[in-house]
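Presented below is the structure to which this report refers.
For this chain, numbers begin at 1 and follow the sequence in order. Bear in mind that the values here come from a model prediction, so they are computed numbers and not experimental data.
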Amino acid sequence: MGSMVETRVETAIVDVMRVPLNGDPLVAVVPVRPDVAAGAPVVECDVLVVGGGTGGVAAALAAARRGERVHLLEETDWLGGQLTAQGVSALDEHEHIEAFGGTASYYALREAIRDRYRADAGEAGRAAAFNPGNCWVSRLAFEAPVAEAVITELLRPHVAAGRLVVHRRTRVVAATVADDRITEIVAVGLAPAAAGVATRFRPSLVIDATELGELLPLVDAEHVVGAETIARTGEPHAQPEEPKAHCVQSFTYTFALERRRPGEDHTIPRPARYEHFRASQPYSLTIEVHGGEIYGEESGWLAYRVLERMPGTKGSLWEYRRLVDAAQFGGRGRGHFAADRALINWPGNDYRDARITEGTAAEVATALQDAKRASLGFLYWLQTEAPAEGDRRGAPELRLAPELLGTPDGLSKYPYIREARRIRAVRTVVEQDVSAAHQPGARAAHFQDSVGVGWYPIDIHRAGPDDVGISTRTRPFQIPAGALVPIRIRNLIAAAKNIGTTHITNGCYRLHPVEWNIGEAAGVLAAFSRSAGRTPRAVVSDAGLLDQFQRGLLAEGVPLVWAIDVGVGHPAFAAVQRLFMAAPAARDPESLAFRPDTPISDGDWAAWGGSGEMPATRAQAADRLLRA
């Protein structure tokens with residue numbers, strides 16, 4: 001019986017960086033010839049990472065670190081995704097992040113970003129947990145170009161060694177699948193010098209780290225778009241009757257501002273459709289906070305102002321995602337750090353009028369242009385009508401700072417994406433696994449196939465009135481390996497917001513440190529699968545292979561389970577992680593801590609499977625068991 005071979009080719013794609021604020025949005029639509037691959041050069045590689053966002057960068061770094069020949073494709077000219085090109089350079093993390101909850105490489109990224117600012121910040125810069133933006137939503141906020149430069153430096157040794165080739169301004173347009181295996185990926189250049197020039201990649205393994213899961217329909221991987229039903233997932237807050245593909249979380253064109261002196265006027269021209277968006281968004285600084293689950297504020301409707309802290313809030317809109325706090329850098333008059341700079345990513349500039357996970361290229365380009373107008377309309381409202389401070393309406397001294405996002409219109413190169421197409425995975429994480437309402441202990445449900453950890457509330461930016469998903473608290477959770485592996489395609493791994501979550505649980509797995517961890521695990525899984533000569537699914541389904549894979553993750557500083565007082569730099573890190581995975585009795589159901597220096601009790605030593613002379617401390621006990 002012959003093999004089943006299918007090639008799918010896009011008819012047209014959108015060059016997101018060419019979508020204009022005004023004029024014909026179709027100038028961003030790039031037609032694709034049916035014979036686009038004809039005569040194109042062939043590139044053989046071990047691992048092809050499609051998408052250079054947060055997860056894609058982590059995946060490429062991890063695979064290259066293990067000696068794989070990696071090619072990384074990115075459609076914008078910046079690597080980093082939500083960290084950079086999407087403009088969200090105020091990290092969405094959690095209260096334990098400075099000690100635990102990220103991978104060693106994620107911590108290296110954070111510290112390298114901090115180091116770019118420390119010398120200019122003087123005394124403030126010497127603080128271990130220095131935050132250049134000193135904002136109230138994030139423990140680390142910075143300017144996007146700084147992160148892009150740091151990412152480039154992290155990848156540079158692998159590029160120099162020939163292990164990694166980075167293709168910026170490159171977009172996948174076709175794929176060939178034979179017997180449930182991707183055999184070829186075709187991508188074209190988008191930059192003027194290489195526009196339409198095709199390359200045929202023939203990888204051993206493919207990692208989909210695209211922002212919207214664009215590869216999934218091209219390779220015919222089973223996937224989900226939008227909100228599932230209660231009948232399918234059992235989630236109490238899923239759709240009650242029918243699935244709704246249009247219920248995809250809103251996306252946002254972010255922008256950055258500089259706060260100039262009072263009296264200066266930097267008001268932008270009124271954008272098209274301003275009146276429509278002012279009413280429909282609506283433009284407002286009063287938002288509903290659900291149970292204080294994100295920022296620790298009281299539940300209910302809270303009123304903010306642009307420049308002034310209001311009662312019951314943690315700060316002003318300006319301080320919310322401030323990227324540079326000029327006061328930490330000596331105040332006004334010091335060049336680059338003479339003025340505050342802030343990112344604006346707020347419900348007012350979320351775009352909800354259309355989805356970009358469905359529709360023709362022309363429809364997507366039109367929606368993107370509309371979203372740009374909605375976002376700059378919010379800026380115009382902030383400059384002219386919003387409650388600024390006291391009785392003052394509008395803050396015209398706020399200057400749009402296009403240099404911070406590298407675009408002529410001042411908006412992010414790519415919209416901030418909260419939800420993508422998601423694989424039908426070997427394991428799907430559901431609300432009951434992570435929600436505090438269903439998990440009464442200190443941790444979320446335990447996944448024995450864990451490849452990482454994360455913590456963030458289920459944060460749903462609703463698509464509209466049909467979206468019944470809610471924001472709610474979670475317990476610190478794990479990332480199951482099965483969520484990265486599709487049910488059928490044998491050499492595909494998911495590495496971003498396209499993993500096996502639901503519309504609801506995607507709301508807590510989509511944030512910076514979680515996506516980085518997902519990507520890093522995907523890169524290690526690709527390398528391990530190749531070295532073992534097995535498919536990713538075989539690795540995560542076989543207890544022995546899975547154990548070897550997880551040991552490799554621990555060796556590279558990837559935590560598998562929550563132990564907040566034994567971080568990735570602790571000498572007992574691997575031992576405690578192995579103990580927690582092997583011995584459920586070692587995990588305190590009411591605490592995230594391990595207490596490594598506490599004397600070990602007779603009962604704990606026996607419960608953990610210890611024998612012989614009892615060690616002095618819990619950390620020593622974990623280490624002895626690891627070596628046994």
Side-chain angles (χ1 to χ4, degrees), residues 4 6 8 50-51 55 59 172 175 177-182 185 205-235 237-239 242-249 355 357-358 417-434 445 447 449-452 458 469 477-510 514-515 518-519 521-522 525-526 529 534-542 546:
M4 296 291 293
E6 181 181 13
R8 294 188 175 193
V50 183
V172 168
V177 177
D179 293 334
D180 297 335
R181 185 178 181 277
I182 301 167
I185 295 288
L205 278 156
V206 179
I207 294 176
D208 183 0
T210 58
E211 300 299 337
L212 293 166
E214 285 100 337
L215 205 54
L216 303 183
L218 262 184
V219 302
D220 193 29
E222 291 82 356
H223 63 278
V224 181
V225 182
E228 302 92 339
T229 62
I230 294 174
R232 181 165 191 91
T233 68
E235 297 171 308
H237 296 107
Q239 289 290 328
E242 297 178 344
K244 294 187 176 176
H246 67 279
C247 286
V248 174
Q249 287 203 54
R355 310 282 77 75
T357 48
E358 55 193 358
I417 301 299
R418 297 184 177 90
E419 185 174 346
R421 302 171 183 90
R422 302 180 298 280
I423 59 169
R424 289 211 184 277
V426 171
R427 181 193 291 269
T428 299
V429 182
V430 296
E431 180 183 358
Q432 305 91 297
D433 292 327
V434 298
F447 294 132
D449 65 338
S450 175
V451 293
I458 292 172
F477 52 78
Q478 295 164 294
I479 303 163
L484 280 59
V485 179
I487 57 175
R488 183 174 55 84
I489 302 296
R490 294 186 291 144
N491 64 334
L492 177 65
I493 303 171
K497 302 176 186 76
N498 55 350
I499 67 167
T501 57
T502 65
H503 171 62
I504 292 175
T505 55
N506 165 75
C508 63
Y509 276 77
R510 62 180 175 80
V514 188
E515 184 180 345
I518 289 167
L525 177 58
S529 296
R534 304 292 295 276
T535 66
R537 181 164 186 173
V539 170
V540 304
S541 302
D542 181 282
L546 177 63

For the pair E228 (side chain) and T502 (backbone), establish whether a donor and an acceptor sit closer than 3.5 Å, ignoring hydrogens and angles. no
With no hydrogens and no angle check, is any side-chain donor or acceptor of T505 less than 3.5 Å from a backbone partner on V429? yes
Do any N or O atoms from the side chain of S541 and from the backbone of R537 form a donor-acceptor pair under 3.5 angstrom? yes
Atom pair CZ/CD1 of R181 and I489 - distance to nearest 0.5 Å: 11.0 Å
Step through the shown structure and confirm whether more than 12 heavy atoms of other residues, nucleotides or ligands are within 6.0 Å of CZ on R8. yes
Mind checking the CD-CD1 spacing from E431 to I504? Nearest 0.5 Å is all I need. 4.5 Å
Determine the minimum heavy-atom distance between A425 and G500, stating which atoms define it. CB-CA, 3.7 Å
Taken to the nearest 0.5 Å, the spacing of K244 NZ from Q239 CD works out to 4.5 Å
Closest contact, heavy atoms only, C508 versus F477: O-CZ, 3.1 Å
Once salt bridge (Lys or Arg N to Asp or Glu O under 4.0 Å) is applied, what residue pairs with a partner in residues 483-506 remain, sequence neighbours excluded? D180-R488, E211-K497, D220-R488, E222-R488, K497-E515
CG-OG1 distance between D433 and T233, expressed to the nearest 0.5 angstrom: 10.5 Å
Side chain to side chain contact (heavy atoms under 4.5 Å, CB included), paired with L546, selected from V539, V451, D449: D449
Go through T210 and L216 one step at a time and tell me if the side-chain contact (heavy atoms from CB on, under 4.5 Å) criterion holds. CA-CA 10 Å; T210 58; L216 303 183; over 6 Å; no
Testing T535, L525, I493 one by one against V485 for a side chain to side chain contact (heavy atoms under 4.5 Å, CB included), which residue passes? L525
Q249 backbone acceptor or donor facing E419 side chain under 3.5 Å: yes
Return the CD1 to CD1 distance between I499 and I518, rounded to the nearest 0.5 Å. 3.5 Å
Closer than 3.5 angstrom, by distance alone: can the side chain of N491 be matched with the main-chain N or O of I182 as a donor-acceptor pair? yes
Closest non-hydrogen atom pair, A522 against I207: O-CD1, 3.8 Å
Can you give me the closest heavy-atom contact between E358 and A245, atom names plus distance? OE1-CB, 4.4 Å
Ignoring hydrogens, what is the shortest heavy-atom contact between I185 and A175? Give both atom names and the distance. CD1-CB, 3.7 Å
In terms of heavy-atom contacts, A209 and G51 come closest through CB-O, 3.6 Å
Do any N or O atoms from the side chain of R427 and from the backbone of A483 form a donor-acceptor pair under 3.5 angstrom? no
Flag, side chain of N498 to backbone of D208, donor-acceptor distance under 3.5 Å: yes
How many angstroms lie between NE2 in H503 and CD1 in I458, if you round to the nearest 0.5 Å? 10.5 Å
Are P243 and R232 close enough that some pair of their side-chain heavy atoms sits under 4.5 Å apart? no
Hey, is CD on E242 packed in by over 12 heavy atoms from elsewhere, all under 6.0 Å? no
